[in-house]
Amino acid sequence: DISDRFSIKSDDFPQYRLWPKGKASSAEPVKYAGEKKADDFLRFIQSEAGVWVGMPGQVKELDALAKEFTTGDKAAALKKATAFKPDEKDADSSKYYVKVMTKATADGEFVTKETARLKKMMDDGSVKAEKKSQFGRRLNMLSSFA
């Protein structure tokens, strides 16, 4: 019944649908079309459902400033991010958020370009696992700017 209702064929499994809070169950859901990887799915949930799921590399306060940066006053958000005093474990993440904001101020397409660059490098078989982990954390932080 459900697969017929949403035109899902048995060879298309699994598929994911999201009904955001406040939408009726009879409304058309948001379809997840990304890769079937946990990090990609969590980024989808963060962006579409509006919930914060702390992923590796993300810092809640800086994540909120990244959203403010994309929707509001870039200079004010950058100033707040620069003044933010992170825990020692979040120091590298804090530096990266500030770097992204600084570069995105100069180049409006920076986040898109950097995301594509990091994904390409993660797919490269010659990149060490440690670097792939670092790139994954950076992708998590970049998703805050989407």
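Sequence positions, counted from 1, serve as the residue numbers for this chain. Side chains included, hydrogens not; waters and symmetry mates left out as well; all remaining heavy atoms used.
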**Q** Tell me if a side-chain donor or acceptor on S144 pairs with a main-chain N or O of A66 at a distance below 3.5 Å.
**A** no

**Q** Under 4.5 Å between side-chain heavy atoms, hopping through other hydrophobics if needed: is there a path connecting V51 to Y32?
**A** yes

**Q** Quick one: does L142's side chain get under 4.5 Å of E114's, heavy atoms only?
**A** yes

**Q** Can you find a heavy atom in the side chain of K131 that is under 4.5 Å from one in the side chain of M122?
**A** no

**Q** Measure from the side-chain N and O atoms of D90 to the backbone N and O of V59, and report whether any donor-acceptor pair falls under 3.5 Å.
**A** no

**Q** Within the structure provided, determine whether E48 and P20 are in side-chain contact (heavy-atom separation under 4.5 Å).
**A** no

**Q** Do the side chains of F41 and F135 join up, straight or via other hydrophobic residues, at under 4.5 Å, putting them in one cluster?
**A** no

**Q** What pairs with R43 under salt bridge (Lys or Arg N to Asp or Glu O under 4.0 Å), at least two apart in sequence or on another chain?
**A** D40

**Q** For residues 72-89, which residue pairs pass the salt bridge (charged side-chain N to carboxylate O under 4.0 Å, His left out) check, not counting sequence neighbours?
**A** E68-K80

**Q** Flag the pair K113 and D107 as a salt bridge only when some basic side-chain nitrogen lies within less than 4.0 angstrom of an acidic carboxylate oxygen.
**A** yes

**Q** Would you indicate whether the side-chain heavy atoms of P56 and N140 approach each other to under 4.5 Å?
**A** yes

**Q** Hydrophobic clustering (ILVMFWY, side-chain heavy atoms < 4.5 Å, transitive) - are M101 and L118 grouped together?
**A** yes

**Q** So L139 and K119, do their side chains get closer than 4.5 Å, heavy atoms only?
**A** yes

**Q** Does any N or O in the side chain of T71 come within less than 3.5 Å of the main-chain N or O of K67, such that one atom is a donor and the other an acceptor?
**A** yes

**Q** Determine whether Q58 and V53 make a side-chain contact, defined as any pair of heavy atoms from C-beta on separated by less than 4.5 Å.
**A** no

**Q** Does the side chain of Y97 reach to within under 4.5 Å of the side chain of L65, using non-hydrogen atoms?
**A** no

**Q** Parallel, tilted or perpendicular, judged at 30° and 60°: which one describes the rings of F69 and F145?
**A** perpendicular

**Q** Salt bridge check: are E35 and K37 linked by an N-O gap of less than 4.0 Å?
**A** yes

**Q** Given side chains that start at C-beta, do those of K120 and R117 come closer than 4.5 Å, heavy atoms only?
**A** no

**Q** List the atom of V111, the atom of T115, and the distance in Å for their closest heavy-atom pair.
**A** O-OG1, 2.7 Å

